[in-house]
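Notes to accompany the following structure.
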Amino acid sequence: MKLKQTTNYPWDGRIELAVHPEREESFVIRLRVPDWCRGYKLKVGGERLFGAGALTDRGYLIVDRKWSQGDVIVLELDMPVEVVRAREAVEADRGRLAIQRGPIVYCAEQADNPDLTYDAFALAAREPLNIHYRPDLLGGVTVLTGLAEEGKPCLLIPYYAWDNREEGFMQVWIREAEDRRLYLY
């Protein structure tokens, strides 16, 4: 049997698998649903599966059916921007937040935020950040944009991509704005 995967993951949660068995037969395909995922949609052959069509077991969707040449599975993982807070026991990060989208943790880097000063800006957790794909930046990355508490623009890049440009600060754990909303632009 062959599987052909088509995806733009981790920038987007859509994962398509074309199933090519040597002959029509019944077997199980397990699809991992990561812990960070809060919801998903699953279709097989254009039909959305619920309940017995796709059981779950320890983080996997179990699709047990008779497979034919060219059957297509489409799994769409929800990938909202989420605020992460450190445990209270981590004293250095109390009152701070980190931003994550899907499996990617984001950071603020000085190269993109010349109007911000290390540890002197804050973000509010109540409003989502805008999601933009930037093919011109760092080999092509999805960035998050919004405004810092002071009304200054803030751009967040994937943490793995920092320190690939000029020198400057980088910050993952950012002060949380008190009772203010993060206005989008």
Side-chain angles (χ1 to χ4, degrees), residues 1-85 97-109 111-112 123 125-146 154-165 170 172 182 184-185:
M1 190 214 20
K2 292 182 183 178
L3 290 175
K4 181 182 178 189
Q5 178 177 286
T6 306
T7 188
N8 196 27
Y9 181 83
W11 308 121
D12 144 339
R14 182 183 168 89
I15 301 158
E16 186 175 301
L17 290 169
V19 182
H20 300 284
E22 290 181 13
R23 63 188 176 285
E24 192 173 286
E25 67 179 294
S26 294
F27 54 89
V28 172
I29 293 180
R30 293 174 178 259
L31 304 167
R32 180 80 174 117
V33 178
D35 285 342
W36 54 258
C37 184
R38 303 291 178 252
Y40 60 85
K41 294 177 189 161
L42 178 65
K43 292 182 183 178
V44 176
E47 179 185 341
R48 189 157 180 198
L49 296 185
F50 299 97
L55 301 172
T56 58
D57 179 35
R58 293 180 287 189
Y60 287 86
L61 293 171
I62 301 168
V63 185
D64 187 357
R65 61 175 273 153
K66 188 174 216 173
W67 297 95
S68 301
Q69 186 67 239
D71 280 344
V72 176
I73 302 167
V74 177
L75 174 61
E76 293 185 50
L77 305 173
D78 288 345
M79 293 182 51
V81 175
E82 295 190 294
V83 170
V84 178
R85 290 184 177 85
L97 51 82
I99 305 295
Q100 179 175 335
R101 179 172 181 262
I104 307 292
V105 173
Y106 282 78
C107 69
E109 191 173 23
D112 304 304
L123 296 178
R126 293 186 182 188
E127 291 291 333
L129 296 163
N130 288 318
I131 303 164
H132 304 282
Y133 181 72
R134 293 273 308 270
D136 62 315
L137 184 63
L138 297 162
V141 294
T142 296
V143 299
L144 307 177
T145 59
C154 182
L155 185 140
L156 304 175
I157 64 167
Y159 173 65
Y160 77 82
W162 79 280
D163 204 21
N164 283 292
R165 298 173 286 171
M170 181 282 297
V172 173
L182 179 64
L184 306 177
Y185 68 97

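None of these values were measured; they are calculated from a predicted model.
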**Prompt:** After noting the C-alpha distance and the side-chain angles of W162 and L138, does the key distance pass the side chain to side chain contact (heavy atoms under 4.5 Å, CB included) rule?
**Reply:** CA-CA 9 Å; W162 79 280; L138 297 162; over 6 Å; no
**Asked** Can you tell me if R101 uses its side chain to pair, donor with acceptor, with the backbone of M79 under 3.5 Å?
**Response** yes
**Request:** Tell me, with the steps shown, if L137 and R165 meet side chain to side chain contact (heavy atoms under 4.5 Å, CB included).
**Result:** CA-CA 10 Å; L137 184 63; R165 298 173 286 171; 3.3 Å; yes
**Message:** Is the shortest side-chain heavy-atom distance between E24 and K66 below 4.5 Å?
**Reply:** yes
**Prompt:** Charged N to carboxylate O below 4.0 Å: is that the case for E22 and K2?
**Reply:** no
**Asked** Can you check whether K41 reaches R48 side chain to side chain, under 4.5 Å on heavy atoms?
**Response** yes
**Prompt:** Of all heavy-atom pairs between T7 and Q5, which one has the smallest distance, and what is that distance?
**Reply:** CG2-NE2, 3.6 Å
**Prompt:** For the atom pair CZ (R65) and CD1 (I62), what is the distance rounded to the nearest 0.5 Å?
**Reply:** 15.5 Å
**Prompt:** Does the side chain of I29 come within less than 4.5 Å of I73's, by heavy atoms?
**Reply:** yes
**Prompt:** Heavy-atom distance under 4.5 Å between the side chains of L3 and V19, does that happen here?
**Reply:** yes
**Message:** For the CZ atom of R32 and the CZ atom of R58, what is their distance to the nearest 0.5 Å?
**Reply:** 10.5 Å
**Side-chain touch L129/I99, heavy atoms, less than 4.5 angstrom** = yes
**Complete:** Paired with T142, the side-chain contact (heavy atoms from CB on, under 4.5 Å) test is passed by just one of I157, I131, L156, namely I131
**Fill in**
Interatomic distance, CD1@I15 vs OH@Y40, rounded to 0.5 Å, equals 13.0 Å
**Message:** Test your reading of the model: is there a side-chain donor-acceptor pair from W67 to the backbone of H20, 3.5 Å cut-off?
**Reply:** no
**Prompt:** Looking only at heavy atoms, which two atoms of G102 and Q100 are closest? And how far apart?
**Reply:** O-NE2, 2.8 Å
**Message:** One thing to verify: whether D12 and R14 come together as a salt bridge, which I'm taking to mean a side-chain N less than 4.0 angstrom from a carboxylate O.
**Reply:** no
**Asked** Is a side-chain donor or acceptor of E16 paired with a backbone partner of L75 at a separation under 3.5 angstrom?
**Response** no
**Atom of E109, atom of N164 and distance for their closest heavy-atom approach** = OE2-N, 4.3 Å
**Complete:** In this structure, OH of Y60 is separated from CG of L31 (nearest 0.5 Å) by 10.0 Å
**Asked** Which atom pair, heavy atoms only, marks the closest approach of P103 to P10?
**Response** CG-CB, 3.7 Å
**Complete:** Scanning both residues in full, the closest heavy-atom pair of P21 with M1 reads CA-CG, 3.7 Å
**Prompt:** Can you name the nearest heavy-atom pair linking W11 to P158, along with the distance?
**Reply:** CH2-CG, 3.7 Å
**Item:** Heavy-atom side-chain contact between F27 and V63 under 4.5 Å
**Value:** no
**Prompt:** Going by the angle between their ring planes, with limits at 30° and 60°, are W36 and Y9 parallel, tilted or perpendicular?
**Reply:** parallel
**Contact check, side chains of L144 and L155, non-hydrogen atoms, under 4.5 Å** = no
**Prompt:** Taking atom types as modelled, is there a side-chain donor on T145 or H132 under 3.5 Å from an acceptor on the other?
**Reply:** yes
